[in-house]
Asks: 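After the structure tokens below, expect a handful of questions from me.
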Amino acid sequence: MALVNPFLLHTKTRLALHVSAPPSKQVLHLWTNPYCNFNFNKVLSSSRRRKESWCVAAADIKASTLLDAEEDQRILVGPSSDQERRGERVVADYDWTEEWYPLYLTRNVPHDAPLGLKVFDKNLVLFRDGKGQFQCYEDRCPHRLAKLSEGQLIDGRLECLYHGWQFEGEGKCVKIPQLPADAKIPRSACVKTYEVRDSQGVIWVWMSPKTPPNVSKIPWFENFARPGFQDVSTTHELPYDHSILLENLMDPAHIPISHDRTDWTAKREDAQPLCFEVTERTDRGFAGWWGREKDGSMPNFLRFEAPCVLQNNREIVDKNGEINYFSGLFLCRPTGQGKSMLIVRFGGTKRSPLVKLFPQWYFHQNASKVFEQDMGFLSSQNEILLKEKVPTKELYLNLKSSDTWVAEYRKWMDKVGHGMPYHFGHSTISLPKEPAVIEHAPAGLIAGLSASSPAKGGIGTMHAPNLANRYFRHVIHCKGCRTAVKAFQTWKNALSAVVVALAALAILVSGRQWKAILLASASLCSVGVYACSTAIAMNTTNFIRIHRRL
């Protein structure tokens, strides 16, 4: 191959052209270029030498092609079954509606307002009734299709704010203000309901309108039920498809690069080959072990379970022989084309004492930063998949040493994608049948008032409903962070007023000693204002990646 310019052998077409016959004048022109060190004018001085040199070059090309194929086979993820090797598709019985989807963290569901949510393209409204029980309806009023999630709770009943129709229990309409006194409420004036369950601090919804809820399908996470297990849980809305989100979450290889120095563990110099072992493949997912190649062990256990549950577990034995359990749990909910919602739960039976020194909102804003670091290229990935309209095997180069779980997930999509509204599989693809609906947010004064309600969680007109905004991706879904931001805002306003008052007093008083005391106090309050402003910015301002020289 030293005789052949590598820039010319870039496609199979060129390779076939050069191997099929001795070089013509046209081919000779391609071969005599500045990148090639061999002088073909001397080689082609006689017909005999011409034949011999061509045979050598052709043999070299063939040998190199075989070597390249062997190298690709060694480093790239290949077929995982005999059916895949034969090009046969394995199809599993699957219906996306006959599944439980994670809606919300239980503790973050408002007590005094309905909550609008989505599963794929289905709009739902979740609320607590007068008895404190969770109810879930289709998010549209049977009267004129207004969103019930824009309504309010009156004595435990859900009221549509368009005309005041009220609903309770199993979606029964119990009040229509415009109905004559002697008329009965029509039987058809009811809303479609969905079954919900509260399990291990998460609200799950059963999406099938025909099949009764299968309670045995609700995921149960053993580590979260262990004595002494504590977790930090956050919720995030994200502007890309749930399949891309899951793919990103099961990709440990990107962490040192994408999240370099985000916390104490991610460092780009730690990027290295990983090793994987798939131990289980079923119609409902897959599982296996993984670890760093240089460590020679695979201590981490990953499990993906339909429809959108991913967990990464590890057990560590301390010096006393006690086993400590650690889990990273990711509950991903599809919320429409190019959108998803994620519940993240990190925890363990043993925690570092340093964790107690930081408020919970600090860890939440750091988690938001992590997702913002990925957001740019994951959104562009989503765009390319929709634009190219081909399976991922024609677009991805999956390495065995980093992308094994990604390939497994897309191959699982091949099995069950036919039972989803749309999917991007390894070898198959089905695009959405209908284009995504663009949801326009209200503007001006109305947006400010709407954002101030408990269901929206806004603060005045500071923020606009926008998934590119950290406040609306996370803070409105987190009662703790929302409370913290409002508290910091209150303290900032109060301290600002004190600074003005102290400065005014310092001007009015005549004694130097009092002037010094008042100005020093004003300075301390100014520090407090700055600290509050910084805390608010940490919770509400997006991470901006700054390219730097290493």
Side-chain angles (χ1 to χ4, degrees), residues 101-110 115 117-118 126 198-204 219 221 223-224 229-240 242 244-246 248-250 255 258-259 262-266 308-313 326-335 339-348 351-352 354-375 378 455-458 463 466-488 535-543:
Y101 290 83
L103 279 183
Y104 227 60
L105 285 170
T106 307
R107 67 168 181 258
N108 287 332
V109 178
L115 189 63
L117 302 168
K118 290 184 70 174
L126 177 69
D198 183 357
S199 176
Q200 293 184 294
V202 176
I203 305 297
W204 300 81
F221 308 107
N223 280 354
F224 284 78
F229 192 91
Q230 300 180 57
D231 70 286
V232 175
S233 300
T234 64
T235 304
H236 307 267
E237 278 193 273
L238 298 164
Y240 39 83
H242 81 287
I244 291 177
L245 172 60
L246 278 165
N248 173 251
L249 295 170
M250 59 180 67
I255 293 174
S258 298
H259 309 305
T262 300
D263 57 21
W264 304 294
T265 58
C308 46
V309 174
L310 178 70
Q311 54 181 319
N312 200 11
N313 300 325
F326 299 90
S327 282
L329 177 62
F330 306 96
L331 309 177
C332 308
R333 172 163 51 87
T335 59
K339 294 185 293 184
S340 55
M341 177 171 274
L342 171 66
I343 296 175
V344 186
R345 308 188 74 181
F346 279 108
R351 304 177 75 184
S352 169
L354 292 175
V355 173
K356 299 178 181 179
L357 300 178
F358 296 89
Q360 192 175 72
W361 63 261
Y362 174 82
F363 295 104
H364 287 202
Q365 65 84 28
N366 201 61
S368 295
K369 183 192 299 183
V370 168
F371 290 110
E372 287 155 10
Q373 289 172 335
D374 287 339
M375 193 177 298
L378 294 184
K456 308 298 182 298
H463 310 283
N466 182 355
L467 284 187
N469 182 315
R470 181 186 295 187
Y471 191 92
F472 275 86
R473 282 200 327 274
H474 168 67
V475 177
I476 65 166
H477 301 295
C478 179
K479 187 178 296 183
C481 289
R482 194 163 63 245
T483 301
V485 170
K486 289 183 178 180
F488 283 124
I536 293 171
M538 288 175 69
N539 281 281
T540 60
T541 305
N542 282 13
F543 167 85

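Hydrogens, waters and symmetry mates are skipped; everything else that's a heavy atom, side chains included, is used.
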Asks: Atom OG1 of Thr106 and atom CD1 of Ile203: how far apart are they, to the nearest 0.5 Å?
Replies: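 Interatomic distance, Thr106 OG1 to Ile203 CD1, rounded to 0.5 Å: 3.5 Å.
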Asks: So, Arg333 side chain and Tyr101 main chain: donor-acceptor pair closer than 3.5 Å or not?
Replies: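 Not at all, since once roles are kept as given, no pair shorter than 3.5 Å links the two residues.
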Asks: Can you confirm whether or not the ring centre of Phe330 sits under 6.0 Å from the ring centre of Phe346?
Replies: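 Yes - the distance between ring centres of Phe330 and Phe346 falls below the 6.0 Å cut-off.
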Asks: I'd like to know whether the aromatic ring centres of Trp204 and Tyr104 sit less than 6.0 Å apart in this structure.
Replies: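 Distance test on ring centres: not under 6.0 Å, no.
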Asks: Hey, is Glu237 close enough to Lys339 for a salt bridge, meaning N to O under 4.0 Å?
Replies: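 No salt bridge links Glu237 with Lys339.
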Asks: What distance do Met341 atom CE and Leu117 atom CG have between them, rounded to the nearest 0.5 Å?
Replies: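 CG of Leu117 is found 6.0 Å from CE of Met341.
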Asks: Rounded to the nearest 0.5 Å, what separates atom CG in Asn366 from atom CZ in Phe543?
Replies: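 The distance works out to 10.5 Å.
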Asks: What are the two closest heavy atoms between Leu103 and Ile343, and how far apart are they?
Replies: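 Heavy atoms of Leu103 and Ile343 come nearest at C-CD1, 4.4 Å.
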Asks: Should the pair His364 and His474 be assigned to parallel (<30°), tilted (30 to 60°) or perpendicular (>60°) ring geometry?
Replies: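 Plane angle over 60°, so perpendicular.
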Asks: For the pair Ser327 (side chain) and Leu329 (backbone), establish whether a donor and an acceptor sit closer than 3.5 Å, ignoring hydrogens and angles.
Replies: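 No; zero donor-acceptor contacts below 3.5 Å.
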Asks: With side chain to side chain contact (heavy atoms under 4.5 Å, CB included) as the test, would you mind laying out the steps for Leu378 and Leu245 before giving the verdict?
Replies: CA-CA 8 Å; Leu378 294 184; Leu245 172 60; 5.7 Å; no
Asks: Which atoms form the tightest heavy-atom contact between Leu342 and Cys332, and what is the distance?
Replies: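 Heavy atoms of Leu342 and Cys332 come nearest at CD1-SG, 3.5 Å.
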Asks: Working to the nearest 0.5 angstrom, can you tell me the gap between Ile536 CD1 and Lys486 NZ?
Replies: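 So the gap between those two atoms works out to 12.5 Å.
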Asks: Does any part of the side chain of Arg351, heavy atoms only, come nearer than 4.5 Å to the side chain of Val232, both counted from C-beta?
Replies: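 Yes. Closest side-chain heavy atoms under 4.5 Å.
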Asks: Testing the basics here: between Val370 and His259, what is the closest heavy-atom pair and its distance to 0.1 Å?
Replies: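 Of all heavy-atom pairs spanning Val370 and His259, the closest is O-CE1, 3.2 Å.
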Asks: Check each of Phe326, Phe221, Phe224 against Phe229 using the ring-ring contact (aromatic ring centres under 6.0 Å, His included) test, and report the only one that passes.
Replies: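 Of the listed options, the one satisfying the test is Phe224.
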Asks: With sequence neighbours left out, what residues match Asp374 under salt bridge (charged side-chain N to carboxylate O under 4.0 Å, His left out)?
Replies: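 Scan of Asp374 (salt bridge (charged side-chain N to carboxylate O under 4.0 Å, His left out), adjacent residues dropped) gives none.
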Asks: Answer yes if the side chains of Arg470 and Thr540 hold a donor-acceptor pair under 3.5 Å, and no otherwise.
Replies: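 Result is no, nothing qualifies.
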Asks: Look at the side chain of Ser340 and the backbone N and O of Tyr240, then say whether any donor-acceptor pair between them is shorter than 3.5 Å.
Replies: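 Pair found, side chain donor or acceptor close to backbone of Tyr240.
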Asks: What closest approach, in Å, do Arg473 and Ser368 show between heavy atoms, and which atom pair accounts for it?
Replies: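 For Arg473 and Ser368, the tightest heavy-atom pair comes out as NH2-O, 4.3 Å.
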Asks: Between Met538 and Gln365, does a side chain to side chain contact (heavy atoms under 4.5 Å, CB included) hold up when you go through it step by step?
Replies: CA-CA 6 Å; Met538 288 175 69; Gln365 65 84 28; 3.6 Å; yes
Asks: Could you tell me whether the side chain of Cys308 reaches within less than 4.5 Å of the side chain of Leu246, counting heavy atoms only?
Replies: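 When only atoms from C-beta onward are counted, Cys308 and Leu246 do touch, with a gap below 4.5 Å.
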Asks: Restricting to non-hydrogen atoms, name the atom on Gly328 and the atom on Asn313 that form the minimum distance, rounded to 0.1 Å.
Replies: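 Residues Gly328 and Asn313, closest heavy atoms: N-OD1, 4.5 Å.
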Asks: Could you please spell out the steps behind the side chain to side chain contact (heavy atoms under 4.5 Å, CB included) verdict for Val344 and Ser233?
Replies: CA-CA 5 Å; Val344 186; Ser233 300; over 6 Å; no
Asks: Is the shortest side-chain heavy-atom distance between Thr262 and Lys369 below 4.5 Å?
Replies: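 Side-chain contact under 4.5 Å: yes.
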Asks: Which atom pair, heavy atoms only, marks the closest approach of Leu115 to Pro110?
Replies: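 That would be CD2-CD, 4.2 Å.
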Asks: With a 3.5 Å distance limit and no angle check, can you tell me whether Asn539 reaches the backbone of Val485 through a side-chain donor-acceptor pair?
Replies: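 No; judged by distance alone, with no hydrogens or angles, the pair does not exist.
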Asks: Could you check whether any side-chain N or O of Arg107 sits under 3.5 Å from a backbone N or O of Val202, counting only pairs where one atom can act as donor and the other as acceptor?
Replies: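 A pair under 3.5 Å: no.
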Asks: Measure the CD1-CG distance between Ile244 and Asn248 for me, rounded to the nearest 0.5 Å.
Replies: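 Output value for this atom pair is 9.5 Å.
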Asks: Atom CG of Asn223 and atom CZ of Arg345: how far apart are they, to the nearest 0.5 Å?
Replies: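 Result: 12.0 Å between the selected atoms.
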